[in-house]
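Below is one structure, written out as structure tokens, with a few remarks after it.
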Amino acid sequence: MAATAEAPQSTKKNYLTALKEALYEEMAANSDMVCIGEDIGILGGAFGVTDGLQEKYGRERVIDAPISEAAIVGVACGMCVNGKTTMVEMQFIDFISCGFDQIVNFTATYHYRTAGEVAIPMVIRGPAGGYGGGALYHSQMNEAWFANSPGLKIVCPSTPRDAKGLLKSALRDPNPILFYEMKELYRQRAIEEEVPEGDAALVPLGKAAVRQEGEDVTIVTYGTNVYMCLEAAKTLEAEGFRAEVIDIRSLVPLDEETILESLKKTNRLVVVNEAPRTCGFAGEILARLAQEAFEYLDAPPVRVTRLDTPVPWVKPLETFVLPSVDKITEAALRVCRY
Amino acid sequence: MAATAEAPQSTKKNYLTALKEALYEEMAANSDMVCIGEDIGILGGAFGVTDGLQEKYGRERVIDAPISEAAIVGVACGMCVNGKTTMVEMQFIDFISCGFDQIVNFTATYHYRTAGEVAIPMVIRGPAGGYGGGALYHSQMNEAWFANSPGLKIVCPSTPRDAKGLLKSALRDPNPILFYEMKELYRQRAIEEEVPEGDAALVPLGKAAVRQEGEDVTIVTYGTNVYMCLEAAKTLEAEGFRAEVIDIRSLVPLDEETILESLKKTNRLVVVNEAPRTCGFAGEILARLAQEAFEYLDAPPVRVTRLDTPVPWVKPLETFVLPSVDKITEAALRVCRY
Amino acid sequence: MLGPYSQKLTADDHRELLNQLYLARYFDVRLIKEKKRGRLRGTLYSSHNQEAILVGSLYGLKPNDWISPIHRDMPAFFLKDFRNGWRNPGRMGMTIQEVCAQVWGKQGSPGRARDNWSHIGSKAKHIIHSTSMLAGTIPAAAGVVYADRLDGGDAVVLTYNGEGSTAQGVFHEAVNFAAVHRLPVVTIIENNQWAYGTPTDMEYSLEDFARRADGYGIPGLIADGQNVFDVYEKVMEAVDFARSGKGPSIVECKTFRAYGHGDHDDDRAAKYRPTDEVAQGRSRDPIAVMKRLMVAAGTMTADQSKEHPAEGKGAAEVTDADFPPVVVEYLTEGVEFAVNDTVPPGEEGGMWVFRE
Amino acid sequence: MLGPYSQKLTADDHRELLNQLYLARYFDVRLIKEKKRGRLRGTLYSSHNQEAILVGSLYGLKPNDWISPIHRDMPAFFLKDFRNGWRNPGRMGMTIQEVCAQVWGKQGSPGRARDNWSHIGSKAKHIIHSTSMLAGTIPAAAGVVYADRLDGGDAVVLTYNGEGSTAQGVFHEAVNFAAVHRLPVVTIIENNQWAYGTPTDMEYSLEDFARRADGYGIPGLIADGQNVFDVYEKVMEAVDFARSGKGPSIVECKTFRAYGHGDHDDDRAAKYRPTDEVAQGRSRDPIAVMKRLMVAAGTMTADQSKEHPAEGKGAAEVTDADFPPVVVEYLTEGVEFAVNDTVPPGEEGGMWVFRE
Ligand SMILES: Cc1ncc(C[n+]2csc(CCOP(=O)(O)OP(=O)(O)O)c2C)c(N)n1
Ligand SMILES: Cc1ncc(C[n+]2csc(CCOP(=O)(O)OP(=O)(O)O)c2C)c(N)n1
Ligand SMILES: [Mg+2]
Ligand SMILES: [Mg+2]
């Protein structure tokens with residue numbers, strides 16, 4: 001017999017498939033769940049995350065919306081007011097700016113304004129992040145806008161398991177959640193892994209994951225940057241420093257505890273994130289820990305972020321402004337050698 | 001003769017009058033300047049900052065726009081592309097969310113996208129801030145959204161002189177600028193002061209003002225909070241601690257130098273700001289200094305901010321969530337006694 | 001002269017409608033006075049002279065229908081489902097106590113006074129909570145009825161908007177969405193000729209805001225906003241159209257803003273609006289119009305129409321004696337409740353950011 | 001049969017228009033091939049089958065007029081003011097070198113390749129720089145001509161939009177603003193029946209997107225987007241209307257998207273769009289239509305019309321021999337420039353955030 005016929009079927013899945021599974025499972029489990037977005041039905045989504053979903057659940061529950069981000073968010077919010085759970089896809093997270101008011105002022109505050117009468121179980125998800133040559137409007141990480149807007153949870157998975165597990169948890173959470181998918185990871189072969197089914201797949205919001213243990217420096221990050229930090233950690237290792245790499249996964253709420261525990265051990269902090277520097281989430285982590293872990297820090301806490309620029313198109317420019325393995329390594333070495 | 005007739009005319013002006021003077025002077029000096037906003041012409045603005053301006057400069061240069069924040073910003077940007085300087089009034093800074101995309105993606109990036117071909121001399125100004133019972137949508141300080149959006153300068157004056165001087169400088173700057181006016185200060189009698197005319201009034205962007213010198217703790221703030229910090233400094237003084245109060249005035253660009261110099265002397269940092277805590281500008285200042293001034297800090301740097309909540313309406317709730325003299329005093333004392 | 005819907009209204013309906021007009025007017029007048037007495041904070045956006053729009057549009061709704069009032073529509077909160085008994089606790093509308101507690105900033109407010117004045121709602125009573133952002137509630141209105149339809153319901157939603165607010169992008173996005181999905185969304189445009197200090201010709205290029213409907217291929221009806229019957233007629237037409245699955249529509253109600261934009265603006269408005277325009281705009285008080293129509297319909301005598309002469313009087317001139325006692329009593333219950341209610345404790349400011 | 005504007009076009013104009021159609025088509029075909037060869041990054045939004053809209057709309061503009069093309073309009077950047085000489089350095093349009101340098105991501109791009117593909121412009125050449133955000137350029141277009149009018153100019157601006165993009169709120173806000181101020185803004189709607197994977201009936205409730213104009217009381221014209229003369233005719237009507245101070249208008253050009261949304265979407269589009277719909281939509285190639293019209297007008301013989309048979313052929317089938325040499329040469333100059341040009345240095349990523 002041919003070898004290929006014999007080979008055991010790989011059950012490893014990529015990040016995108018994991019997301020898709022989460023949607024299929026939650027749509028099946030929750031008949032009150034509705035999906036809405038541009039081109040998510042007939043097309044199955046720009047990247048295919050909702051592929052086949054409309055065929056299975058119909059045009060009423062998987063809505064191909066006009067190009068109207070504000071209405072999409074607002075309509076979804078209205079559905080939540082009237083008992084539904086909604087998944088809103090932003091074709092690229094960059095276009096969220098067009099529905100901004102409906103998110104930060106209408107949706108995020110609904111529970112607060114009503115003194116708890118109305119919860120809004122909504123997940124707004126979409127492809128995000130740079131490194132793919134997407135240029136100014138297909139590369140953004142704009143999570144800090146929402147972190148500064150009370151009432152929103154924010155999640156950003158870096159692995160297939162987390163992609164599925166966090167999305168499932170998000171879809172069961174009664175609050176509006178921004179879910180940042182790393183489009184550079186969607187089809188990354190290197191990170192494929194086995195992904196559980198059903199409730200076994202759930203990953204709780206608000207818990208960080210320690211991706212690598214170490215004693216000399218704590219590197220805190222999320223998203224695509226996780227892999228760059230792990231890569232940098234190898235060089236650090238070669239230089240004699242063992243880095244602890246923490247993937248926060250949830251930004252709001254943030255698992256400060258895990259970071260703090262790590263700092264008690266390493267006494268050194270590097271925060272890495274590809275969003276613009278000023279008022280980005282890296283700064284927030286740094287600020288919190290500079291205060292909370294003041295006694296433990298033996299070196300200045302530093303951040304490696306995008307420059308305060310948009311993400312330019314051509315490769316040398318994109319590389320120039322975004323964090324890279326080199327930049328992370330260099331910063332971490334400086335901190336270790338301080 | 002009656003005493004009133006004799007009394008020398010006070011030349012002291014309030015914050016709002018100072019802003020108005022800046023607009024009148026710049027409209028006179030720059031025939032390419034155009035103002036646009038809701039109700040700024042016939043009405044003269046919700047608060048009267050543009051009072052009389054349309055009568056003087058006509059309906060073409062002082063435009064009563066439909067209730068369309070996105071179009072207002074975009075139209076103004078187009079005018080800048082074609083050689084004009086524009087002043088955009090947001091009736092309340094809270095409504096800026098409705099024109100968000102046009103600001104952060106269209107306007108802020110224009111110079112960058114064109115590799116410097118096109119500058120956008122635009123000032124978006126409007127009443128901001130809490131403490132007045134304005135509730136969720138008439139109390140916001142949302143400057144952090146824009147601080148995280150490269151290409152925008154951000155200014156927030158706390159005195160009549162600065163209001164005039166910074167607005168004039170902003171209107172001569174070739175970049176898009178967000179200008180946060182503190183509506184609680186508009187008609188504050190206590191802060192009225194003499195305000196120079198013409199070029200003598202100019203106050204440069206990017207320079208902080210030390211409002212009070214001190215050796216024991218550096219309190220960094222801006223806007224309405226400046227006065228609370230000065231008030232807190234009195235209590236601190238009574239407790240034996242002399243606070244240096246720095247009013248940054250410009251957020252982007254930030255005068256880090258002045259803060260750093262102060263910290264070299266005081267070795268203690270408190271940052272105060274009424275915006276939501278997470279990813280707010282207070283955190284940014286704290287993060288920068290925690291890194292830059294690591295060697296100088298003898299106590300954990302702390303921030304006093306709004307809780308991560310909207311601004312609620314009724315007084316006890318509003319007070320509960322916003323920074324106050326008491327909260328600032330308490331935080332500063334803790335830092336001083338650390 | 002009356003349309004098919006209005007013809008079916010009985011003499012009792014006429015009296016009820018008139019009383020509701022009185023009540024809406026009295027609510028406004030009373031709050032203006034309470035505010036002058038210094039008992040209220042915040043801005044009062046008067047619905048004086050525009051009451052027929054609220055009363056007429058709400059009268060024919062089913063209890064389960066949804067509404068989303070905005071700043072100038074405070075009476076709508078309690079007028080909703082009023083036909084089921086002003087004091088009926090099972091009514092799908094707010095009680096006068098709840099509305100007054102909100103205005104006074106007290107605990108008894110449905111939103112525990114966390115946001116101000118008209119920014120309240122109730123999921124239980126099918127009232128959508130607006131923010132300040134004009135036209136911002138229309139998408140949610142579309143979403144609410146979309147969900148209802150999914151569940152097999154036939155609820156309709158009425159959204160209220162000033163004519164100036166129709167310039168907002170989200171108005172367009174939401175109406176377009178509703179049109180594509182034939183959602184039962186009736187958008188009422190209260191055209192009171194001014195958007196704060198801006199006249200309509202600076203907001204829109206046509207005379208009739210109902211023409212905005214033409215761009216979506218949906219009905220754009222025009223009602224005399226001073227005439228309860230005409231508002232009722234046109235809104236019922238739109239509501240039946242919506243409920244039968246034919247989709248959204250726009251009903252422009254022509255009216256005139258009696259005072260300033262808010263009470264802070266009264267003095268300036270007296271300057272920026274020509275006196276004759278104001279006189280003309282206020283010449284057809286909806287209470288007076290209603291009385292004339294009732295006399296003509298024989299549901300009120302000419303003598304009766306002289307009772308309770310609140311019509312045509314400004315807030316400064318009118319007294320409680322100008323209103324039917326039933327109206328004064330009802331509202332007074334609300335005011336007294338609110339005055340005696342307690343302010344929520346400060347800690348609540350930190351609560352309910354998230355659902356745990 | 002030809003309208004008044006088109007009747008004035010000479011035989012030379014006809015030949016020029018045909019050549020421009022060829023050039024636009026060749027640009028597309030050539031880039032598809034270059035991309036297949038792996039020489040290009042990013043997404044290619046083909047204007048195949050839609051070229052008559054660009055060629056016809058730009059032909060009658062004055063040099064000082066402004067345009068704002070979007071993703072599917074790449075040829076517009078060089079076609080602007082093309083009548084002043086394809087290679088004329090003083091022309092108010094981009095050179096083919098500039099446009100190719102942009103596509104190849106090289107320094108010679110007008111924006112130094114900081115943003116991708118169609119996101120370029122030139123203040124000097126009166127081309128507004130778009131972002132990705134659909135319809136987002138219309139407000140700026142209104143602002144540009146507002147400023148021009150203040151300065152005493154009579155420039156008109158053409159904005160290009162897909163039909164799906166008209167659902168955006170900012171479309172409404174900008175058109176409404178332009179209507180109120182009677183600004184010379186001509187909004188061209190390229191109705192190619194699809195918005196990515198969504199058919200028009202999920203985007204809009206009417207058949208003709210020109211009807212969006214009715215909500216603003218402005219002219220809403222419809223042109224046959226496969227017919228250069230008809231596009232020219234309707235756009236000139238709108239442009240003259242605009243230039244004479246009468247205000248904005250909308251010109252819907254009916255066409256059909258030949259391939260996928262972008263080149264990444266070709267395979268999927270072959271599945272989500274019915275084959276007969278695609279065949280029907282592509283049956284009236286604008287080059288073929290133009291040739292037929294020229295033969296009818298006597299500006300081309302039937303024999304001549306058989307030369308350069310690019311019409312009706314997909315990018316895979318067509319070769320350079322199917323195009324007039326003048327077209328191939330012109331574009332080749334651009335491609336060669338771009339290929340040999342250098343990529344900007346990384347440090348530029350940190351530059352020009354602010355004007356110093
Ligand atoms: C998005 C937004 N922009 C601006 C405002 C400020 N504002 C409040 S009411 C108002 C005028 C509204 O006019 P209209 O819609 O005609 O309603 P009216 O007050 O006349 O009933 C304005 C500009 C707002 N609330 N929301
Ligand atoms: C605000 C915004 N939302 C979503 C997108 C993603 N997007 C890019 S093109 C497109 C479809 C556009 O369709 P249409 O306007 O008809 O233009 P066409 O591509 O058909 O020429 C979409 C949804 C975007 N660019 N901007
Ligand atoms: Mg109005
Ligand atoms: Mg299209």
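Letters go in sequence order (proteins before strands), and every chain restarts at 1.
When C/M351, C/H261, C/E347 are compared by the number of non-hydrogen pairs under 4.5 Å with chain B, C/E347 comes out ahead. Between chain B and the residues C/G349, C/G197, C/G346, the largest count of heavy-atom pairs under 4.5 Å involves C/G346. Listed options C/P199, C/G350, C/G169 were ranked by heavy-atom pairs under 4.5 angstrom with chain B; first place goes to C/G350. With respect to chain B, the highest number of heavy-atom pairs below 4.5 Å among C/T43, C/D115, C/V353 belongs to C/D115.
The minimum heavy-atom distance linking B/V314 with C/G105 is given by the pair CG1-O, 3.4 Å. Closest non-hydrogen pair, B/A65 versus C/E203, comes out as O-OE2, 4.5 Å.
The number of heavy-atom neighbours closer than 6.0 Å to CZ of C/R39, taken from other residues, nucleotides and ligands shown, is above 12. Surrounding NZ of C/K36 are at most 12 heavy atoms belonging to other residues, nucleotides or ligands under 6.0 Å away.
Sorted by first then second residue, the salt bridge (charged side-chain N to carboxylate O under 4.0 Å, His left out) pairs that include residues 270-279 of chain C, not counting sequence neighbours, number zero.
Neither the backbone nor the side chain of B/T319 comes within contact range of chain C; no heavy atom of the residue lies under 4.5 Å from a heavy atom of that chain. Heavy atoms closer than 4.5 Å to chain C are found in the backbone of B/D308, but not in its side chain. Contact of B/L136 with chain C is made through backbone and side chain together, with heavy-atom distances under 4.5 Å. B/V321 touches chain C through its side chain: at least one heavy atom from C-beta onward sits under 4.5 Å away, while N, CA, C and O do not. Using a 4.5 Å cut-off between heavy atoms, C/R268 touches chain B through its side chain atoms alone. Using a 4.5 Å cut-off between heavy atoms, C/W352 does not touch chain B at all.
At least one side-chain heavy atom of C/S132 sits less than 4.5 Å from a side-chain heavy atom of B/F95. B/W313 has its side chain out of reach of C/H119: every pair of non-hydrogen atoms, C-beta onward, lies at least 4.5 Å apart. Side-chain contact between B/D94 and C/M133 is present, with heavy atoms from C-beta onward closer than 4.5 Å.
Residues from residues 124-133 of chain B that place a non-hydrogen atom less than 4.5 Å from a non-hydrogen atom of chain C comprise B/G132, B/G133, given in numerical order. When the heavy atoms of residues 40-49 of chain B are compared with those of chain C, the residues falling under 4.5 Å are B/I42, B/L43, B/G45, B/A46, B/G48, listed by number. Proximity to chain C at a heavy-atom threshold of 4.5 Å picks out B/P66, B/I67, B/S68, B/E69 from residues 66-75 of chain B, in numerical order.
C/L134 contributes atom CG, which lies 9.0 Å from atom CD of B/Q91 (distance to the nearest 0.5 angstrom). Atom CD1 of B/I63 and atom OG1 of C/T198 lie 12.0 Å apart (nearest 0.5 Å). In this structure, CZ on C/R41 lies 6.0 Å from NZ on B/K315, to the nearest 0.5 angstrom.
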